[in-house]
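All chains are named by letter (A, B, ...) in the order of the sequence lines, taking the proteins before the strands, and each is independently numbered beginning at 1. Just so we're clear, the structure is a prediction, and the values are computed from it rather than from any experiment.
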Amino acid sequence: MSDVRKRILIVDDDADVCLSLKLALEIEGFDVQTARHGREALANASPVDLLITDLFMPEADGFETIEGFRKLHPATRIIVVSGGAKQVKADYMLVARVLGVDATFQKPVSPSVLSETIRTLLGTDRQ
Amino acid sequence: MSLRAHLLMLTLALLAPVMIFAVAVGYALVEQERETFRRGAEERTLAMSTAVDTALASSIATLQALATSPALDRNDLATFRDRAARVLAMQPQWFSIHLALPSGQQVMNLQLPEGGALPDNAALDSQWQSVVQRGAPSINDLIVGPATQEWHFTARLPVRRDGSIRYILSAAVKPDWIRALLDRQNVPADWVAVVLDKNGRIVARTFEPEQSVGKIASRSLRDALARSPSGWFRGTTIEGDAVYTPYRRSAETGWTFAMGIPASVVDAAAWRAGAALALGLLAAALIAIALARAIGNRIARPIVALASAATAMRNGQPAQITESATVAEIRMLETTLRSSVQDLGERARLLDLAQDAIVVSDASKRVLYWNRGAEAIYGWRREEVTGKILYEVLRTEFPEPLSRIMDELRLADQWSGELAQFTRDGRRIVVASRWAAERDRQGELARILEINSDVSERKRAEVALKEADRAKDQFLATLGHELRNPLAALVNAVHVLKRAEPGRATAADAIGVLERQTKHMTRLVGDLLDLSRLTMGKLVLHREATELMAVVAETARTWKARADTKQISIVLQAPGGAAWIHADRDRIEQVLSNLLDNALKFSDAGGQVTVEVRIEGTDAVLRVSDRGAGIPAEALEQVFTHFVQGDEGRSRGGLGIGLAVVKQLVELHGGTVSAASDGVGRGATFTVRLPAIARTVEPARRTEAFGSPP
């Protein structure tokens, strides 16, 4: 495990999803913060290493959040974890990939798999 | 021109040549009649003329008998005078007898005394010398006797002795004798018979005999005599009357017999024949015309009846056709038309049986025919729309400009498409319309046949079905999302519990997540099952007398924790006290839970949700109001439909079945639920009305419920 704990921001409107993922990633050794929606996430002053965001949320949705981060914090890696297509006949994950996120997952995603992906993206493979 | 007139003309056409022929024959008959008459008159003239000749000859014969007297041989004039006197006495028609020498000197005259001076005939008679020279008996012309001063004529006979003429014996004859002769001939009263001497002087005449004797004959008779000794001509009498005249001059005496037959008599015979013929023809024509009329009526009446029946039929009135014609062809026509009328009647009734609107209009879309189906669909009666422009009455909305539809109709003889139209009471309906063109003899578009089926219901059903299908797809997508979130939370929590030390705060947090999310999923699945059961009518209520406020208070208490986490307050109000209903307590709890869940979901932190219970009339009313997101007016009707969620609802999670379950449960209790909102951002109010029942209950419990707001 790296000396400097990597900082992760989780954005999801579901409080329990936020809480449980935060607990899981903290156990994996990450420094985790949460936001209930995109606006709150963008208001976060301190830059993070990685953003995990849902796509559909009240107040600025996932797409706005992603664009905002790409502009404000170009170095921040982004992973989308979404409940899937809430709207019919549209693959929003594909849209997200086109927007240039680093990885996409559909809920529920195993925290182990998610951790592996995060480490790969941040270059902090477990020793 | 009517059929009767044609038949009459036919009759007259047949009659005309017959009449012309009849007139020709009639004319010939009249001419023949006139000829026959003429011939008869001429024969009679010949007979009369002969009779006059005979009479004159008898006078000569009497003189010849006297001339044989021996006294003349001896020139014994005294003896001869006696003898002549005896003869004269036997001849009453004679005035006198006298005897003269060839020189003309009379030697004896019975009218003059014996021995007196006697006249000289040569001086008195211009014809004397010719009588002496011819030496033959003769009848002289009429003269006025010098002694008698009366008209007479003289018969002279040369008396020969010893081979030469010794004396001329003469008898002066009264013209009356000839007249008597004429009178005996039975000449018709209005005819005139006349005898002329050689000079054309009237010797005897049956009409006005006394005045006529000695007069010169009429100019026309004298002219005719100059032309020919006998003949027939049309002339005038001396009195100037128009007459037909047969005449004959005797070769022996040179005297003429003539008759004057009044022209009117001769012509009248011809006229009578002509008139009889004309009358006959007229009668024949009248009979023919009357018969033609009678037959014409028998032929025409059924045809006229058929024509008026056909007209009635065209105007849509009942047509009466009796098969009564006597003409076989017309009877055939009647039979055919009658079965056609029957067929048409059946077709008309069939058209009226159709539930579709069947309309016939002219090229400018003016209504000519309108069936019962059209009356039923559009609400306009046939007589109200006939002659009006169809698309104006129905305010038709065409899928393309009408002119283009008409072009297509002219080109292809048919058109079909969907039209939007308005009924009489202003309802907008959609019809599937099919048009067919009817052309006139010139090939121009004359009428449009149109059948319209009301497909509004089908359209609505299609739209509703499409909407339901879309809502179902949406629901499935939503369900996936709604299940993925709790699953994600559960997976994460399990991951944490596997690694965290038991008893630590982290583990406790994870267990909290597990508890909440399993409860959430349980309620989600419960709602789904309830909706399924409600939709299929399989949910059974366990009803009992229930106090509404008590249920509300208890339910609100269980929601307090969740409200607190969102910093929302729930306020209970029961201004009217207890409200009893006959209900399934658990289901009423579920109704309120769903309404509260909804209210909390759409309220932001610091908001307030008010729950009110009161009696309004015969209803127990439960009202849940929030100050949250509100509902757009156009979405109010839809909120109770399952799977339907507003955009706002989707972003706030949930399946979109909570309110549908509320509605079904309330209606199952015999109540109603309605939603009201002043618009987006102005909050919403849901009102549940349930039939109230009368119940006296423990006041303590009510007080408790009323007195302990959460």
Query raised in the report: Which atom pair, heavy atoms only, marks the closest approach of B:Ala493 to A:Ser20?
Result: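 Shortest heavy-atom separation between B:Ala493 and A:Ser20 comes out as N-CB, 4.0 Å.
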Report task. List the steps and the verdict of side chain to side chain contact (heavy atoms under 4.5 Å, CB included) for B:Asn492 and A:Leu23. Result -> CA-CA 8 Å; B:Asn492 292 338; A:Leu23 294 175; over 6 Å; no
Requested in this report: Select, from B:Lys498, B:Arg516, B:His520, the one with the greatest count of heavy-atom pairs under 4.5 Å involving chain A.
Outcome: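 Highest number of pairs under 4.5 Å: B:Arg516.
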Query raised in the report: Considering only heavy atoms, which portion of A:Asp16 lies under 4.5 Å from any heavy atom of chain B: side chain, backbone, both, or neither?
Result: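 Both parts, heavy atoms under 4.5 Å.
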Query raised in the report: Where do A:Glu28 and B:Val496 land on the side chain to side chain contact (heavy atoms under 4.5 Å, CB included) test, with the steps shown first?
Result: CA-CA 9 Å; A:Glu28 291 294 330; B:Val496 171; over 6 Å; no
Report summary line: Listed by number, the residues in residues 679-686 of chain B that come under 4.5 Å of chain A (heavy atom to heavy atom) are none
Query raised in the report: Does B:Leu490 reach the side chain of A:Pro108, with side-chain heavy atoms less than 4.5 Å apart?
Result: no
Query - side chain to side chain donor-acceptor pair (under 3.5 Å) partners of B:Asn485, counting only residues at least two apart - result: A:Lys107
Query raised in the report: Between CD of B:Gln517 and CG of A:Leu19, what distance do you get to the nearest 0.5 Å?
Result: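 Going from the CD atom of B:Gln517 to the CG atom of A:Leu19 covers 10.0 Å.
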**Report entry** Value rounded to 0.5 Å, distance of CG in A:Leu114 from NE2 in B:His495
**Finding:** 9.0 Å
